[in-house]
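One structure is given below, encoded as structure tokens.
Both counts, for ligands and for their atoms, begin at 1 and track the order of listing. Remember, predicted model here, so these are calculated numbers, not experimental data. All values below were derived from every heavy atom in this structure, side-chain atoms included, with hydrogens, water molecules and symmetry-related copies excluded.
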Amino acid sequence: MSTLKIAIQKSGRLNEDSIQILKDCGISINNGNDQLKAEATNFPLEVLYLRNSDIPQYLIDGVVDVAIVGDNLLVEKGKNIKAIQKLGFSKCKVSVAVPKTFEYNSIKDLEGMRIATSYPNTVIDYFAKFGMTVDIHQISGSVEIAPNIGLADAIVDIVSSGSTLFKNNLKEVEVIFKSEAVLAVSPKVTPEVQTIIDTLQFRIESVLRARKSKYILMNVPNDKIEAIGKILPVLKSLTVMPLAEEGWSSVHSVIDKDSFWDVIDQLKEAGAEGILVCPIEKMVL
Ligand SMILES: Nc1ncnc2c1ncn2[C@@H]1O[C@H](COP(=O)(O)OP(=O)(O)OP(=O)(O)O)[C@@H](O)[C@H]1O
Ligand SMILES: O=P(O)(O)OC[C@H]1O[C@H](OP(=O)(O)OP(=O)(O)O)[C@H](O)[C@@H]1O
Ligand SMILES: [Mg+2]
């Protein structure tokens, strides 16, 4: 029987969330003594713990079938690798930043300048779009220090909260693209392995949908059910169950996690009482 080989980051920002999403898909990983390889006990899956930056090449070569990797690395090193699913974590931007004192007006101000980055291909492609060339200084980490030590005039690196830029007296001037963790697939997978990927993706979709939603229950006077139904987005149709108390019902639905407080205020106004909001573990459509 075929086994799906998945690469996840060995240690770093993607590691914990990658393991968590597999767990939430009901996959138990037996770590054993081998720190770099593990097998799932209840799913045809082998997990390889690798450096994030090496993962695109492993996918290109077909050494692994799928991987959880930052989309920014596919832009940098894996143009032909398909990302089949956004995973909603490790959200960040890849941006151009310059010293705060730099009087920046437009990208043209950076013509011929020295740019420090860990993402040289991304930088070349970005500036080429404006018909520009820049002098790239490739470094593998602590990129934000480069302008302060006279190594570069500007940088291209990952920005999330912006605090690393702030601490190093830099300002973000251009966002090249936004990135997040994705499930990426090797172009070399066999049809048997593709079937396992489809099963895994189906589970991941159910987990992600559940993470975005809440289950909501409330007591509603029967004459207000119609008004409440207009406020609640429903999967199929509203679940309404009679309460022991005459004239009242229990109404159940699923709501978007982010619109939650707005919806609750509207529901109270429309006559709902005893509102309960619960997490959803999986949501299979
Ligand atoms: N500050 C951040 N906020 C959110 N996501 C980030 C941040 N920094 C990096 N990422 C995302 O997480 C991925 C992994 O980053 P991390 O710093 O853990 O590893 P790395 O140094 O790029 O790789 P390696 O495993 O090769 O050492 C990045 O490719 C990016 O997609
Ligand atoms: O905008 P912020 O929230 O400050 O995040 C951005 C920083 O996070 C990442 O570094 P990381 O901490 O992963 O260190 P690394 O360079 O060793 O990978 C990235 O390379 C930036 O330096
Ligand atoms: Mg990092």
Side-chain angles (χ1 to χ4, degrees), residues 5-22 31 35-38 47-61 63-64 66-100 115-126 136-149 151-186 204 208 211:
K5 287 201 186 93
I6 187 169
I8 64 174
Q9 192 188 24
K10 182 174 181 294
S11 63
R13 290 183 177 267
L14 296 165
N15 172 270
E16 260 181 39
D17 287 326
S18 304
I19 292 172
Q20 188 61 45
I21 205 160
L22 294 179
N31 261 322
Q35 296 293 306
L36 299 178
K37 221 168 67 180
V47 183
L48 299 163
Y49 297 99
L50 301 170
R51 287 286 296 271
N52 186 43
S53 40
D54 293 334
I55 288 177
Q57 195 58 46
Y58 283 111
L59 286 167
I60 291 167
D61 295 342
V63 174
V64 297
V66 292
I68 295 179
V69 70
D71 193 23
N72 56 304
L73 268 188
L74 299 184
V75 172
E76 176 63 22
K77 293 180 168 178
K79 286 255 163 54
N80 299 322
I81 303 289
K82 253 203 314 192
I84 55 166
Q85 181 80 54
K86 289 183 177 182
L87 299 175
F89 57 87
S90 288
K91 290 191 173 175
C92 57
K93 296 173 279 181
V94 174
S95 299
V96 183
V98 297
K100 274 184 192 147
I115 313 273
T117 189
S118 310
Y119 306 107
N121 297 324
T122 305
V123 177
I124 292 168
D125 290 353
Y126 180 68
I136 291 173
H137 285 245
Q138 186 175 351
I139 43 180
S140 53
S142 306
V143 172
E144 290 89 347
I145 198 99
N148 288 319
I149 57 173
L151 184 73
D153 305 298
I155 65 157
V156 170
D157 199 20
I158 284 167
V159 178
S160 174
S161 66
S163 80
T164 311
L165 291 186
F166 182 80
K167 284 186 210 147
N168 288 283
N169 287 315
L170 301 173
K171 60 181 178 187
E172 182 183 54
V173 289
E174 306 287 345
V175 176
I176 302 183
F177 58 83
K178 290 185 178 166
S179 173
E180 66 184 90
V182 294
L183 183 69
V185 183
S186 164
I204 290 176
L208 295 177
R211 284 185 186 175

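Heavy-atom proximity to Ser161, at under 4.0 Å, picks out these atoms of ligand 2: 1 (O), 2 (P), 3 (O), 4 (O). Annotation for ligand 1: atoms under 4.0 Å from non-hydrogen atoms of Gln9 are 14 (C), 16 (P), 18 (O), 19 (O), 23 (O), 24 (P), 25 (O). Close approach to Ser53 involves these atoms of ligand 1, each under 4.0 Å from a residue heavy atom: 26 (O). Using a 4.0 Å cut-off to heavy atoms of Gly70, the atoms of ligand 1 that qualify are 31 (O). Interface atoms of ligand 1 facing Ser160, defined by a heavy-atom separation under 4.0 Å, are 1 (N), 2 (C), 3 (N). Close approach of ligand 2 to Thr164 (heavy-atom distance below 4.0 Å) involves ligand atoms 2 (P), 4 (O), 5 (O), 6 (C), 7 (C), 22 (O). Interface of Gly12 with ligand 1, defined as ligand atoms under 4.0 Å from a residue heavy atom, comprises 18 (O).
Of the listed residues (Lys93, Glu172, Arg13, Glu144), the one carrying the non-hydrogen atom nearest atom 13 (O) of ligand 2 is Arg13. Across the listed options Asn72, Asn52, Val182, Val69, Asn72 owns the non-hydrogen atom lying nearest to atom 30 (C) of ligand 1. When the heavy atoms of Arg13, Arg51, Lys93, Glu180 are ranked by distance to atom 9 (C) of ligand 1, first place goes to Arg13.
At least one side-chain heavy atom of Lys171 sits less than 4.5 Å from a side-chain heavy atom of Val98. Contact of the Ile8 side chain with the Leu14 side chain is not registered, since no non-hydrogen atoms from C-beta on lie closer than 4.5 Å. Taking the side chain as every heavy atom from C-beta outward, Ile6 and Val64 never approach each other to under 4.5 Å.
Within the structure, side-chain hydrogen bond (donor to acceptor under 3.5 Å, both in side chains) contacts touching residues 138-147 (residues at least two apart or in different chains) do not occur.
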Report the C-alpha separation of Leu48 and Tyr58 in whole Å, then their side-chain angles, then the decisive distance to 0.1 Å, and conclude whether the side chain to side chain contact (heavy atoms under 4.5 Å, CB included) test is met.
-> CA-CA 11 Å; Leu48 299 163; Tyr58 283 111; over 6 Å; no
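In terms of polar-atom proximity, defined here as any N/O pair under 3.5 Å, Val159 makes no such contact with ligand 2. Residue Ser179 places no N or O, backbone or side chain, under 3.5 Å from any N or O of ligand 1.
Under 4.0 angstrom from ligand 2, the non-hydrogen atoms of Asp157 all belong to its side chain.
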In a table with atom names and distances, give each donor-acceptor pair under 3.5 Å that connects a side chain of residues 86-93 to protein atoms at least two apart or in another chain.
{"from": "Lys93", "atom 1": "NZ", "to": "Glu172", "atom 2": "OE1", "distance (Å)": "3.2"}
{"from": "Lys93", "atom 1": "NZ", "to": "Glu172", "atom 2": "OE2", "distance (Å)": "3.3"}

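A cation-pi arrangement is present between Lys100 and Phe166, with the terminal nitrogen or guanidinium carbon under 6.0 Å from the aromatic centre and inside a 45° cone about the axis.
Using a 4.0 angstrom heavy-atom cutoff, Lys91 counts as in contact with ligand 1.
Of all non-hydrogen atoms in Ser95 and Val159, the two that sit nearest each other are CB-CG2, 3.8 Å.
One N or O on the side chain of Asn148 and one on the backbone of Asn168 form a donor-acceptor pair closer than 3.5 Å.
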